[in-house]
Amino acid sequence: MNQHGRFGPTRPITLKILRYKPGFIDPPRYDTFQVQADPLMTVLDALEEIKATADSTLLYRHSCHHASCGTCGMKVNGREQLACVARLVDEGTDEVVVEPLGSAPLVADLVVDMTPFALHMAPSGMALVRDSEFMPEAERPAGVERYTRYEDCIECNICLSACPVANTNPGFIGPAGLAAAYRALVTGERPAAEVFAYVDHDDGVWRCHSAMECSAVCPSDVQPGHKIMALRRELVAYKVKRFFKRG
Amino acid sequence: MRTTYHVVVIGGGSTGAALVHDLVLRGFKVTLVERGELTSGTAGRHHGLLHSGGRYAVNDQESAIECIEENIILRKIAPGSFEENDGLFVAITDEDVAYLDKFLAGCETCHIPTRVLTAAQVKRLEPHINPQVKLAVQVPDATMDCWRLPMRFFATAKHNGADIRPYNEVIGMLITAGTVTGVRVRSHVTGQEYDLKADIVVNATGAWAEKVSEMAHARVPVKPTPGVMVAVRGRWCNMVINRLNKPSDGDIIVPQRGLSVIGTTSWTVEDPDRLGLPEDHVRRMFEKGGELIPAVKHAPMRAAWAAARPLIAEGGAQEGRELPRTFKCFDHKVRDGIEGLVTISGGKGTTMRAMAEATANVVCDKLGLDIPCRTKEVVLLPYWAYYQ
Ligand SMILES: Cc1cc2nc3c(=O)[nH]c(=O)nc-3n(C[C@H](O)[C@H](O)[C@H](O)COP(=O)(O)OP(=O)(O)OC[C@H]3O[C@@H](n4cnc5c(N)ncnc54)[C@H](O)[C@@H]3O)c2cc1C
Ligand code: SF4
């Protein structure tokens, strides 16, 4: 069992990594590297080892190493994952293919440009910090008015890469931005009228085809697909209410 | 005020982030080069504790005072950035209880506010706490997001004109007659190399500081001192839970989002790029963390990783946790007779702003300028503004 920090036997795994440096490694190609993987070795651990020992020019994004910053989203054997928690041996293949996310402009190697994603997320109005729903029975100490925690969404861009609609419609706000708008609505962080103005158009909540790929790949339990559905229901209710008020 | 001086900062961790912010506010032209993603060194993957200073209140009061001062300042200049649930130092054994008086006296000396709580009170605040708990002390700890907090500094600096270049690695120093006049850089995006001229170069590469200063034949006594952290699924506490005793292994649990992060350990390595992940350290996190909150022992592991402290080993004989936690700013003119190069290393994520202020002061002194620091007052932009 590796669940509680037991490493177990190692086995050789070949990583096949997409390489691209504009004007230098151009067109893109795949390079292969070998690592000895123990049951806990993640894709990120392997990339770090390759960078330190075999190729110091290998480029990838990473920061927190525990699924909280959202920088290391990439495709592992074709499926969007966070490299820091994707364990190599869990892939079950002797060769593991590592490629950049598909939903954002490629910068170099495994690095994509997060600017378009951030521009869709920022206007949602979701705050970083929310009320903590854990242990509702817990009392609070003097001086702490409410227990808070960070929002689940770590802005990893994984859901956009997996979304069939976002891949063909670059203007689409996308699952993460819509889910964030829903959070801003239910927390009251942002007035309903503003949230609905942000999402009620062709590139907003109505563009989604309910493929639900986003909820399947989200590494942070955001369930963006379900939040989009909930947002639609809120929007319809809001419109109906407004219609009768007017009449 | 705008100066014509150009400062190059090497290293895009929390220290580099706060430093470029400080320097552009003082009117410098600033370029930061970071070899990987921003905060891909130690800053992005530390334990995530916005220290109250309690941890250092007995053994390292200089650090403790820095922490409480910066804790208050960061909450003010980066509102909405922290899980502000305070922290507890909990006593589980009689030996822990015996530490209480020293702890309270230390906190008082360092102006860290405390409140002593009975076992019954602690259990009502934190239902999963070890039922053996004897008492606890409440302090103003908080949880920080190790990526998004530095990104607020980067975002603000960028909007104020700083040129921030991730994926650009310094591979050499430009030296003319004993003076560092710039750096040689390789872009890992284009594969090309180029020179970057500077009036002052600041080496803010943390645990890599020795490697980088060697490029200028300067010496920095930094020991990369890694520690292991383990994140388990489930938020088993809302407050930061510390062990009321001398700092030791696995004696802090920092809740964050839906995770609980147990840390940490300490050993020294030669190469900050090859930390490894010692199996026994990972297991010790479950054992020691379980003494604070038994449930974490059986919680599913989300991640285990290591990060390297950049500890200053000036005294020579000290090891691991004995090394002082305060930061040091080296003017290599004074140390090694090399002009144009300053190194900042040591410190903590919590003290990033203070480290930057001290370093920017040295830069100003070297250039004969007297420009006040403004970073205690300027409220930072949201982190996503970095991309706008
Ligand atoms: C296990 C552990 C737990 C910790 N927990 C906490 C905590 O809970 N709270 C807290 O406040 N502090 C904590 N710290 C301390 C804190 O993480 C560090 O003090 C702080 O992050 C150091 O930041 P830095 O910017 O100085 O260094 P780094 O973040 O390491 O930045 C240096 C940067 O320089 C870059 N670099 C290196 N060489 C080159 C080059 N040649 N060219 C360009 N760039 C280069 C690196 O890639 C790196 O990004 C912890 C540290 C450790 C090790
Ligand atoms: S919703 Fe989930 S997958 Fe999408 S960006 Fe947020 S955390 Fe990532």
Side-chain angles (χ1 to χ4, degrees), chain A residues 3-7 21-25 40 42 45 48 51-53 56-71 84-85 107-109 111 114-115 117-119 121-122 127-129 132 134-135 137-144 147-152 154-155 220-221, chain B residues 36-40 44-45 80-86 115 117 124-128 138 143 145-148 167 169 186 188-192 229-231 235 238-239 255-259 261 271 273-274 277 279 282-283 285-286 297 300-305 307 382 384-388:
Chain A
Q3 189 63 275
H4 294 108
R6 260 166 266 268
F7 288 28
K21 297 188 190 288
F24 193 65
I25 303 177
L40 287 190
T42 64
D45 293 334
E48 292 272 85
K51 187 175 156 140
T53 58
S56 66
T57 71
L58 179 63
L59 210 54
Y60 47 92
R61 302 180 67 230
H62 66 113
S63 180
C64 80
H65 292 224
H66 62 292
S68 297
C69 68
T71 60
C84 68
V85 286
V107 175
D109 292 351
V111 172
M114 294 297 282
T115 307
F117 178 81
L119 295 182
M121 276 304 276
L128 176 60
V129 173
S132 167
F134 289 86
M135 295 162 274
E137 74 279 19
E139 282 180 17
R140 279 167 285 105
V144 176
Y147 279 137
T148 57
R149 69 169 183 95
Y150 294 125
E151 276 288 352
D152 287 320
I154 54 173
E155 301 151 310
S220 206
D221 299 329
Chain B
E37 179 54 274
L38 299 172
T39 75
S40 60
R45 61 177 115 155
S81 283
F82 306 99
E83 294 183 359
E84 294 177 270
N85 302 324
D86 279 8
R115 185 177 284 114
L117 305 171
R124 286 201 297 272
L125 298 178
E126 292 293 356
H128 295 292
Q138 183 189 344
T143 299
D145 185 310
C146 315
W147 156 252
R148 289 172 180 81
Y167 323 128
E169 179 163 3
R186 179 182 293 132
H188 290 310
V189 173
T190 62
Q192 306 301 309
M229 284 150 286
V230 169
R235 189 180 173 99
N238 273 315
M239 307 174 76
Q256 185 258 113
R257 294 190 169 78
L259 300 172
V261 185
D271 183 354
D273 285 318
R274 315 267 348 242
L277 187 66
E279 182 173 354
V282 175
R283 247 178 295 154
M285 290 307 94
F286 284 98
K297 251 196 274 194
M301 186 166 99
R302 181 63 164 149
W305 73 103
W384 44 258
Y386 179 78
Y387 294 102
Q388 282 186 323

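Note on naming: letters A, B, ... go to the chains in the order of the sequence lines (proteins, then strands), and numbering restarts at 1 for each one.
Atom CG of B/D273 is separated from atom OG of A/S56 by 9.5 Å, given to the nearest 0.5 angstrom. Once rounded to the nearest 0.5 Å, the distance linking CD of B/E126 with CG of B/N238 reads 6.0 Å. The line from OG1 of A/T115 to CH2 of B/W384 is 13.5 Å long, rounded to the nearest 0.5 Å. The distance from atom CE of A/M114 to atom OH of B/Y386, rounded to the nearest 0.5 Å, is 12.5 Å. B/Y387 contributes atom OH, which lies 9.5 Å from atom CD of A/E155 (distance to the nearest 0.5 angstrom). One finds the NE2 atom of A/H66 at 9.5 Å from the CD1 atom of A/I154 (value rounded to the nearest 0.5 Å).
With chain A as the partner, the residue from B/R148, B/E169, B/M239, B/R186 showing the most heavy-atom pairs under 4.5 Å is B/R148. Top candidate by heavy-atom pairs under 4.5 Å with chain B, chosen from A/A52, A/S68, A/P22, is A/S68. When B/M229, B/E84, B/Q256 are compared by the number of non-hydrogen pairs under 4.5 Å with chain A, B/Q256 comes out ahead. In terms of non-hydrogen atom pairs under 4.5 Å with chain B, the most contact-rich of A/A122, A/G143, A/A127 is A/A122. The candidate from B/R115, B/E37, B/H188, B/M285 with the greatest count of non-hydrogen atom pairs under 4.5 Å with chain A is B/H188. Per-residue heavy-atom pair counts under 4.5 Å with chain B were compared for A/C84, A/P141, A/G70, A/S220, and the maximum is reached by A/P141. Between chain B and the residues A/L59, A/V129, A/T57, the largest count of heavy-atom pairs under 4.5 Å involves A/L59. Of all the listed residues (B/G36, B/A385, B/S40), the one sharing the greatest number of non-hydrogen pairs under 4.5 Å with chain A is B/S40. When the candidates B/F82, B/Y167, B/W305 are compared by the number of heavy-atom contacts under 4.5 Å with chain A, B/W305 comes out ahead. In terms of heavy-atom pairs under 4.5 Å with chain B, the best-connected choice from A/A108, A/C69, A/A67 is A/C69. Across A/F117, A/Y60, A/Y147, the residue that shares the most heavy-atom pairs under 4.5 angstrom with chain B is A/Y147.
In this structure, chain B has no heavy atom under 4.5 Å from any part of A/I25. Residue contact with chain A, scored on non-hydrogen atoms closer than 4.5 Å, is absent for B/L117. Within the 4.5 angstrom heavy-atom criterion, atoms from both the backbone and the side chain of B/R124 approach chain A. Heavy atoms of B/V230 lying under 4.5 Å from chain A are absent altogether. If you measure heavy-atom distances from B/R235 to chain A, the contacts under 4.5 Å come from both the backbone and the side chain. Contacts of A/T53 with chain B are made by side-chain atoms alone, with heavy-atom separations under 4.5 Å and no backbone atom involved. Of the two parts of B/A304, neither the backbone nor the side chain holds a non-hydrogen atom closer than 4.5 Å to a non-hydrogen atom of chain A. Of the two parts of A/R61, the backbone and the side chain both hold a non-hydrogen atom closer than 4.5 Å to a non-hydrogen atom of chain B.
Judged purely by atom type and a 3.5 angstrom limit, A/S132 has no side-chain atom pairing as donor or acceptor with the backbone of A/R149. Checking side-chain atoms of A/D109 against main-chain N and O of A/K21 turns up no donor-acceptor pair under 3.5 Å. Between the side chain of A/S63 and the backbone N or O of B/T39 there is at least one donor-acceptor pair closer than 3.5 Å. Side-chain atoms of B/Q138 do not come within 3.5 Å of backbone N or O of B/D86 as any donor-acceptor pair.
Note on B/R45 versus A/E48: salt bridge recorded, some NZ/NE/NH1/NH2 to OD/OE distance being below 4.0 Å. Salt bridge annotation for B/R257-A/D152: absent, with no cationic side-chain nitrogen under 4.0 angstrom from a carboxylate oxygen.
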